[in-house]
A.B. asks: 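My questions all concern the structure below.
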Amino acid sequence: MAKGIPSLTLIRDSLAETISTQIRQLQESGVLPQGTVRHPEIQDTKSAEHGDFATNVAMVSAKGLGVNPREMGEKIAAALLNLPQFRQVEVAGPGFINMFVDQAWLAGHMVLVLQAGTEFGRTETAAPQRINVEFVSVNPNGPITIGSGRGAAYGSTLCNVLAAAGNTVHREYYINDGVNSEQMRLFAESVRCLLLGNAVPENGYKGDYVMEVAETVRRMFSQGFHPLIAYSEKVLSEGPHPVLARHLESHRRLQNLIETHGTEGAISHADLGDLKLLAETLMTEAQSAALSAFGVKFDTWFSEQTLHDSGQVQSEIDTLEKAQVADTQSYRTQLKLAKGGKIEEVLQEQQAKDEDDADGVEPTLWLRSTKFGDDMDRVLRRRDGRLTYISSDVAYHWDKFNRPPNADKLITILGPDHHGYIGRLHAVVAALLVAEGMVKAESTGEPLGDIDAKLYSTPEERDTCHAALKLAREKLEVQIYQLVRFMKDGKPAPMRKRDGNIYALIDLMKEIGEAAKPNGTEEEKLEVGKDVARFFYLMRSHDTTFDFDLDLAARQSDENPVFYVQYAHARICSVISKAKESGFQADSISEDLASRLTHPAELALIKKICDLPWEVQRCAQDYGVHRLATYAIELARTYHAFYDQCRVIQPEQPELTHARLALCEGVKIALRSVFGLLGISAPERMESRAS
RNA sequence: GCCCCCGUAGCUCAGUGGAUAGAGCAACCGCCUUCUAAGCGGUUGGCCACAGGUUCGAGUCCUGUCGGGGGCGCCA
């Protein structure tokens, strides 16, 4: 585990701490009155005449202390001026404290950057958390689409950022392979129809990828399952493996069919469940390969069905029933909500008694999720006895807290179409917290109102449920990313096409690579495609819809910002290698480094480099990782400007050359760090566009 | 009806409650004998959808209106 650097070595944190200390001393010596002062925010200035950094601490704190903000600012400024970090401190406007920092002090931070090396950008945090992040998690019934690409890019980068900010992160993909799934049943049915030469069902799957799955399945039948069986047996002999065990049983069944009926006969006699297992496994493998090419790796690919097989689903449901947050009474509660989420009315809808139902009909098992803020109760077990998807979610969310062990928090990243799922997921976790006895509510002592009485039987139950929901919202954070509209030739390009085909992420990468690097190897093309696609997804806030210009992405030009940032890295590598030819080393830290770097373009660059850890921390706090892409562009721009104004290699000025090379090395370190977080490559060379 | 997201330059989008609202693309003008011109500098371009409110201060927070996108299954 990487250690990271203590956050106090960061410029902004260090300034904030210094200002806090000075204010405290001013209060102790009676220059400023006692009272709470907010932690100073260190802001950028918009023009050089306002100095290097500014803080509004006087403006936001003056009122509480009962003093004039400008006067307070003057007193703080006077105190700061005595410190070596500052060459000038001024109060401006309504009470801004504008700080002009000492250039050598500023440049001295470069030493810290160079010492941190590849660790630069990582920081320690006072309260590290153990976090499970689940993302992508699409059904194994098709390739990863360009739509899911956003979730993949966002989720993987968020994980990188959370880890860089000092947390322990577990990356997880949930495979929706439950045997009860209607969609997966239909997918398997479609594959079977293709295998048997029958027409695909009305709402079935028709894309070319389904045909490919069917062809692969046919090949597996003709080759037989012996190798797979042998492999599973070997692995299972070394220890338990629930998923493989299920596969082994299925493969044995299919092998028996082949031996009795021959290849074609086996296909037509095969159980739909066995075909489904083959089809979804192939699809999952394809998804995994595409995501891997996209730079996304998971610690766990978690199979939903294992929760059923192990009995965890049933046992968690029993626990919920015991705790009376789930029951089989024949009504469903629905909430009518007014604007602002206030409950206007509680409706209890009796279930129709269907006399036509045959034997074996069980009463519906309801999760009383309306006790936990959901707008309607949810079905856990259908009347035909089959469990719903949400029933697996109950066991799944409980199980997820084991990855990493004793997880503090779960983050689930979902697409815009799953927005309506947030409420019931929180209800699921809240119900679990109640049922597992994890909630201790303080009684509010308030009696049950009319509306409450329809939801809860006692005030204590209500208070417990409310407390559980509050805790659930802390334990499970759902992040929704918004829709992407893909534009081609100025027109929207649909993710799912009429002919049943899907615009797959892997195809997007290939297309971009083909256009950007027509003479490259397949691997190089995929890498370019990955870089461009990831950067495009990550440039915009995940929380807003945006247009993905496929033509621009495919164009290999200066219009494409990813090449702009990568070019900065390639330029630096070129300078450093040229310098080496002249006998200069970039990674040596000279003692007088700080005093040599005085040019405005150099100082701007130092400030920008040193901002990276701070940017990472901010992103980890509010999950707005798109700012890292903005940061990369800004850093590249600052470097390009420096490059234009400050010649690095000057043999007649070896000290300056060394200092500037160290600066280049610092930019390189920062760029590589941010590229790593964004999941894009750092090319050492970029060929001229002409070639 | 309810929920979520959005409305900022011609286009695509940034913008910690702070000072004169930014970038890329598009348009125009400059800069390669010198470390990669996939670069740099400059010009043009704005009732931050609208109306109230909170605040010393609002593009940012709150309420409402209008407009756009998405979601509200015993599907997952």
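Below, read A as the first sequence line, B as the second, and so on, with proteins coming before strands; counting in each chain starts at 1.
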A.B. asks: B/rA37, OP1 or OP2 - any side-chain N/O from A/Y643 closer than 4.0 Å?
C.D. replies: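 Answer yes for this pair, as a side-chain N or O of A/Y643 is under 4.0 Å from OP1 or OP2.
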
A.B. asks: Any base atoms under 4.0 Å from A/L337, or only sugar-phosphate, or nothing? Heavy atoms, all strands.
C.D. replies: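 Here A/L337 touches the backbone only, sparing every base.
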
A.B. asks: Taking the side chain of A/P416 as its heavy atoms from C-beta onward, which of B/rG70, B/rC40, B/rG64 lies nearest to it?
C.D. replies: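 Nearest listed nucleotide: B/rG70.
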
A.B. asks: Would you indicate which nucleotide in B/rG41, B/rG18, B/rC74 comes nearest to any side-chain atom of A/V60?
C.D. replies: B/rG18

A.B. asks: Suppose we call a contact any N or O donor and acceptor under 3.5 Å apart; does that hold for the side chain of A/T545 and the base of B/rC5?
C.D. replies: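 Answer is no: no donor-acceptor pair is held.
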
A.B. asks: Which of these nucleotides, B/rU34, B/rG18, B/rG70, is closest to any side-chain atom of A/R647?
C.D. replies: B/rU34

A.B. asks: Among side-chain atoms of A/Q351 and A/W366, is any donor-acceptor pair under 3.5 angstrom?
C.D. replies: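 Checked: A/Q351/A/W366 side chains pair up, N/O donor to acceptor below 3.5 Å.
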
A.B. asks: So what does A/K336 hit on the nucleic acid, given a heavy-atom distance under 4.0 Å: a base, only sugar-phosphate, or nothing?
C.D. replies: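 Touches nothing.
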
A.B. asks: Where the side chain of A/H50 is defined as all heavy atoms beyond and including C-beta, which of B/rA19, B/rC4, B/rG18 is the nearest nucleotide?
C.D. replies: B/rA19

A.B. asks: Using a cut-off of 4.0 Å on non-hydrogen atoms, how would the nucleic acid contact of A/A568 be classed: base, sugar-phosphate, or nothing?
C.D. replies: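 Nothing: the residue A/A568, judged by heavy atoms under 4.0 Å, touches no strand.
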
A.B. asks: What nucleotide among B/rC35, B/rA19, B/rG18 has an atom nearest to a side-chain atom of A/Q43?
C.D. replies: B/rG18

A.B. asks: Regarding A/H419, tell me which of base, sugar-phosphate or nothing describes its non-hydrogen contacts under 4.0 Å with the strands shown.
C.D. replies: base

A.B. asks: If we ignore angles and hydrogens, is there a donor and acceptor under 3.5 Å between the side chains of A/H658 and A/R596?
C.D. replies: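 Note: A/H658 and A/R596 side chains miss the donor-acceptor criterion.
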
A.B. asks: If you go through the side-chain atoms of A/N98, does one of them form a donor-acceptor pair with the base of B/rA19 closer than 3.5 Å?
C.D. replies: yes

A.B. asks: Give me the distance, rounded to whole Å, that separates B/rG15 from B/rA9 when you measure between the C1' atoms they each carry.
C.D. replies: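 14 Å, rounded to whole Å.
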
A.B. asks: Of the listed nucleotides (B/rG39, B/rU16, B/rA14), which one gets closest to any side-chain atom of A/R12?
C.D. replies: B/rU16

A.B. asks: Just name whichever nucleotide pairs with B/rU43, Watson-Crick or G-U, keeping both distances under 3.5 Å, else none.
C.D. replies: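 Pairing partner, where one exists within any strand: B/rA27.
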
A.B. asks: Would you classify A/M59 as touching base, sugar-phosphate or nothing, given that sugar-phosphate means primed atoms plus P, OP1 and OP2, and contacts are heavy atoms under 4.0 Å?
C.D. replies: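 Counting heavy atoms under 4.0 Å across all strands, the contact made by A/M59 includes a base.
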
A.B. asks: Does A/K46 put a side-chain nitrogen or oxygen below 4.0 Å from OP1 or OP2 of B/rU20?
C.D. replies: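 Indeed not, no polar side-chain atom of A/K46 lies that close.
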
A.B. asks: Decide if atom CD of A/E202 counts as having more than 12 heavy atoms of other residues, nucleotides or ligands within a radius under 6.0 Å.
C.D. replies: no

A.B. asks: Counting heavy atoms from C-beta on, name the nucleotide in B/rG69, B/rG39, B/rG18 closest to the side chain of A/N56.
C.D. replies: B/rG18

A.B. asks: Check whether NZ of the Lys or CZ of the Arg A/R571 lies under 6.0 Å from the centre of the six-membered ring of A/Y643 and within 45 degrees of that ring's axis.
C.D. replies: yes

A.B. asks: For a quick check of understanding: with a heavy-atom distance under 4.0 Å over all strands, which category does A/G624 fall into, base, sugar-phosphate or nothing?
C.D. replies: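 Counting heavy atoms under 4.0 Å across all strands, no contact is made by A/G624.
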
A.B. asks: Ring centres of A/H569 and A/Y639 under 6.0 Å apart?
C.D. replies: no

A.B. asks: Scan A/C573 against the nucleic acid and name what it touches under 4.0 Å (heavy atoms): base, sugar-phosphate only, or nothing.
C.D. replies: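 A/C573: no heavy atom of the nucleic acid under 4.0 Å.
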
